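When reading the values below, keep in mind they use all heavy atoms of this one structure, side chains included, and skip hydrogens, waters and symmetry mates. Naming: A, B, ... by sequence-line order, numbering from 1 per chain. All of these numbers come straight from a predicted model, not from anything done at the bench.
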Amino acid sequence: MSAEKNTDDASAKPLDFIREIVAQDLKSGKHDGRVQTRFPPEPNGYLHIGHAKSICLNFGIAKEFGGRCNLRFDDTNPTKEETEYVDSIKEDVRWLGFEWDEEHYASDYFEQLYEWAEALIQKGLAYVDSGSLDEIRAQRGTVNEPGTPSPYRERSVEENLDLFRRMRAGEFPNGAHVLRAKIDMAAGNMNLRDPIMYRILHTPHHRTADKWCIYPIYDWAHGQSDSIEKITHSICTLEFEIHRPLYEWYIEHLDIFPSKQYEFARLNLTYMVMSKRKLLELVQAKLVEGWDDPRMPTIAGIRRRGYTPESLRKFCHTIGVTKYPGTTDISVLENSLRDDLNRRAERRMAVLDPVKVVITNYPEGASEELEAVNHPQDESFGTRTIPFGREIYIEREDFMEDPPKKFFRLSPGKEVRMRYAYFIKCEDVIKNEQGEVTEIHCTYDPETKGGNAPDGRKVKATLHWVPVAEAVDAEVRLYDHLFEVENPNDVPEGGDFKDHLNPNSLQVIKHAKLEPLLSSAQEGDRFQFERMGYFCCDRTSTAERPVFNRAVTLRDTWAKAKKQ
RNA sequence: AGCCCGGUGGUGUAACGGUAGCACAACGGAUUUUGAUUCCGUCAGUUUGGGUUCAAAUCCCGGCCGGGCUACCA
């Protein structure tokens, strides 16, 4: 079943500061008008919505300016990286709607990087340091005090070369030596205090297996990888800003293609954590179902939740790109989904918390098929029929025996409309011993079939319903924010971000009642359950027992009014 | 603390020396067979103090506030 229509739109907007730079470079003829970007994830976790921002930026720029964008895995640390992550990253990028021009791995450049390292040694710009981790750390100084030179800093080119080659050959254990760039131990920028280029790591790599036992550090690998791929605009997040002088130092002293680095503010969302480390922690502690738990900000989670790629791209477009490290309200994200799904999702009826209504003047054993439109604003979605009979379910919260003034749903003596069906009037309420309503007895007006009264009388409310006889029993999962405070990272002394986890972030409804057509829903199908929200068919769903995730609620001014 | 970066309504952004605009949120109203959608309206902002200028959100200097940096992670 096709539950959606494509409504991707890219409205024009003023250029952000990075696109402005690209436009200027293009205008000035830099790089012969070539634009080359790259998205460089480390395969040590799943991509999250912050990465989506970067993906939209990098791939978006390439697309808009007639350039190219590579996917490059920054896989220089074999202790953390796995093929599982490589696969998920590729899947997520594609799902978001982008295709890379070339696929690369920093590990493909290990040999070139090694040669360049020897070249730097030859120039006297790199040396092997045989100090311990602690010694090197101590020598680095602090932000206030300059560092002190390592006793190994003045080794001869020959000795450095010999040691470095033996490092590669595997003659030394982990930590015995490192290769360092010889820059400036007194630099105000700590990154320039003889940064480490290589460490010894006797760990097999997910791609190069046991070919290497020395691995390059990020700074030594990233800029050169950019340069090798002739990246014109190397876009990264703000925390790398302070690395830029080093990025440029390596490129300058190697005299290779001058890629330029530009930094933007990473995405922060209210009620969410975005660090890979913290997300990994949630997964490993089993505080969520996994990387694709629909409450997670991972692309896999967001996808399972029911977000569309279009809504995510629209969101990234909406939030813009700046250097101001602000926090975006989660409602902006939710709104971009509502906006998209409102136009694309077919409407269905589903009762989440059912209570039975018996229509006492409807003939016993009778039933009929009623026609319903699939989208109230778009006829092209067509219509469907829903069986109607003497017994139907309505939402428990749509009935109140003793309602307040502003409540205009069903209550004793009141008449409301059953959507696409009839006006019904509440005549009696049946309760059990605990005083819970078990049945509501109503009468219907046969003249109001389809939902309009020939005499022109009006009702204040229209309720959704599902026929008891044909209802499909289903599991429905309602999600709320994973954290109960706006900024879960803000924890008191000795506290932990996990202390802010929302205990009610998942509510499982075991026996929701769906209209019959919904039994044929496939994984990923999205619908609006009228008056309840947007729902997406989960991957655990079966024809016998459908499972739906609530992607986002509808805007609900009544719920808001109730609170006051 | 030192260095680097940043600061425009509640939030995210635009204005590139010349009318502070947009979106989300909030609030009010109209329409409505979803208390949805749609439409209309309201509230609300240049961190602060100096300087340059006919004119400053924009340029300069100082303060204040926020973020980043002190990994053999990326």
Does OP1 or OP2 of [N] have a side-chain N or O of [X] closer than 4.0 Å?
{"X": "A:R266", "N": "B:G6", "result": "no"}
{"X": "A:K560", "N": "B:A26", "result": "yes"}
{"X": "A:R199", "N": "B:A74", "result": "yes"}
{"X": "A:T327", "N": "B:U11", "result": "no"}
{"X": "A:R555", "N": "B:A25", "result": "yes"}
{"X": "A:N191", "N": "B:C69", "result": "no"}
{"X": "A:T318", "N": "B:A23", "result": "no"}

Could you check whether the rings of [X] and [Y] sit parallel, tilted or perpendicular, using 30° and 60° as the cut-offs?
{"X": "A:H48", "Y": "A:H51", "answer": "tilted"}
{"X": "A:H243", "Y": "A:Y218", "answer": "perpendicular"}
{"X": "A:Y109", "Y": "A:H104", "answer": "tilted"}

Using the [atom1] atom on both, measure [N] against [M] and round to a whole Å.
{"N": "B:A1", "M": "B:G18", "atom1": "C1'", "result": "43 Å"}
{"N": "B:A57", "M": "B:G9", "atom1": "C1'", "result": "14 Å"}
{"N": "B:U53", "M": "B:C60", "atom1": "P", "result": "16 Å"}
{"N": "B:C22", "M": "B:G45", "atom1": "C1'", "result": "13 Å"}
{"N": "B:C65", "M": "B:U8", "atom1": "C1'", "result": "15 Å"}
{"N": "B:G62", "M": "B:C5", "atom1": "P", "result": "13 Å"}
{"N": "B:A30", "M": "B:G49", "atom1": "C1'", "result": "48 Å"}
{"N": "B:G29", "M": "B:U37", "atom1": "P", "result": "16 Å"}

If you only use heavy atoms from C-beta on, which nucleotide in [options] is closest to the side chain of [X]?
{"X": "A:T76", "options": "B:C69, B:A74, B:G35", "value": "B:A74"}
{"X": "A:N342", "options": "B:A36, B:C69, B:U37", "value": "B:U37"}
{"X": "A:N77", "options": "B:A74, B:U38, B:G2", "value": "B:A74"}
{"X": "A:F407", "options": "B:A74, B:G35, B:C16", "value": "B:G35"}
{"X": "A:I242", "options": "B:U34, B:G68, B:A74", "value": "B:G68"}
{"X": "A:P325", "options": "B:G12, B:U13, B:G6", "value": "B:G6"}
{"X": "A:R531", "options": "B:U13, B:U70, B:U34", "value": "B:U34"}
{"X": "A:Q528", "options": "B:U70, B:C73, B:U34", "value": "B:U34"}
{"X": "A:T557", "options": "B:U34, B:C16, B:A36", "value": "B:A36"}
{"X": "A:E241", "options": "B:C16, B:C5, B:C73", "value": "B:C5"}

What does [X] touch in the nucleic acid at a heavy-atom separation under 4.0 angstrom: a base, only the sugar-phosphate, or nothing?
{"X": "A:G326", "answer": "sugar-phosphate"}
{"X": "A:G188", "answer": "nothing"}
{"X": "A:T79", "answer": "nothing"}
{"X": "A:Y215", "answer": "nothing"}
{"X": "A:E42", "answer": "sugar-phosphate"}
{"X": "A:G131", "answer": "base"}
{"X": "A:Y198", "answer": "nothing"}
{"X": "A:H464", "answer": "nothing"}
{"X": "A:N44", "answer": "nothing"}
{"X": "A:P376", "answer": "base"}
{"X": "A:N144", "answer": "base"}
{"X": "A:K460", "answer": "nothing"}
{"X": "A:S132", "answer": "base"}
{"X": "A:R347", "answer": "base"}

Exercise for review: Could you tell me which non-hydrogen atom of A:H205 sits nearest to which non-hydrogen atom of A:P78, and how far apart they are?
Suggested key: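 In this case the closest contact between A:H205 and A:P78 is CA-CB, 3.8 Å.
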
**Study point:** Test applied, side-chain hydrogen bond (donor to acceptor under 3.5 Å, both in side chains); reference residue, A:S234; option that passes from A:E263, A:R38, A:K260
**Key:**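 The residue from A:E263, A:R38, A:K260 that satisfies side-chain hydrogen bond (donor to acceptor under 3.5 Å, both in side chains) with A:S234 turns out to be A:R38.
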
Round to a whole Å and report the spacing from [atom1] of [X] to [atom2] of [N].
{"X": "A:R180", "N": "B:C72", "atom1": "CZ", "atom2": "P", "result": "9 Å"}
{"X": "A:D339", "N": "B:A36", "atom1": "CG", "atom2": "P", "result": "16 Å"}
{"X": "A:R343", "N": "B:U34", "atom1": "CZ", "atom2": "P", "result": "20 Å"}
{"X": "A:E239", "N": "B:G68", "atom1": "CD", "atom2": "P", "result": "9 Å"}

Review point. Quick one: do the A:R266 and A:T237 side chains pair a donor with an acceptor below 3.5 Å?
Key: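 Note: A:R266 and A:T237 side chains miss the donor-acceptor criterion.
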
Exercise for review: Could you check A:E346 against A:H375 for side chain to side chain donor-acceptor pair (under 3.5 Å), going step by step and ending with a plain yes or no?
Suggested key: CA-CA 6 Å; A:E346 290 196 7; A:H375 195 297; over 6 Å; no

Pair assignment for [N], Watson-Crick or G-U wobble, requiring both distances under 3.5 Å:
{"N": "B:A23", "answer": "B:U11"}
{"N": "B:U53", "answer": "none"}
{"N": "B:A36", "answer": "none"}
{"N": "B:G6", "answer": "B:C65"}

Review point. Is A:D445 reaching over with its side chain to a backbone N or O of A:F423, donor-acceptor style, under 3.5 angstrom?
Key: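 Between the backbone of A:F423 and the side chain of A:D445 there is no qualifying donor-acceptor contact (under 3.5 Å).
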
Point to revise | Matching residue for A:F73 among A:Y85, A:F39, A:Y105 - test: ring-ring contact (aromatic ring centres under 6.0 Å, His included) | key: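 In the set A:Y85, A:F39, A:Y105, the residue that makes a ring-ring contact (aromatic ring centres under 6.0 Å, His included) with A:F73 is A:Y105.
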
Review point. Under the criterion side chain to side chain contact (heavy atoms under 4.5 Å, CB included), which of A:V476, A:L478, A:L352 is the partner of A:R550?
Key: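 Single side chain to side chain contact (heavy atoms under 4.5 Å, CB included) partner of A:R550 among A:V476, A:L478, A:L352: A:L478.
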
Review point. May A:W558 be described as stacking on the base of B:G35, applying a 5.5 Å centroid limit and a 30° limit on plane angle?
Key: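 Stacking is present between B:G35 and A:W558, given that their ring centres fall under 5.5 Å apart and the planes under 30°.
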
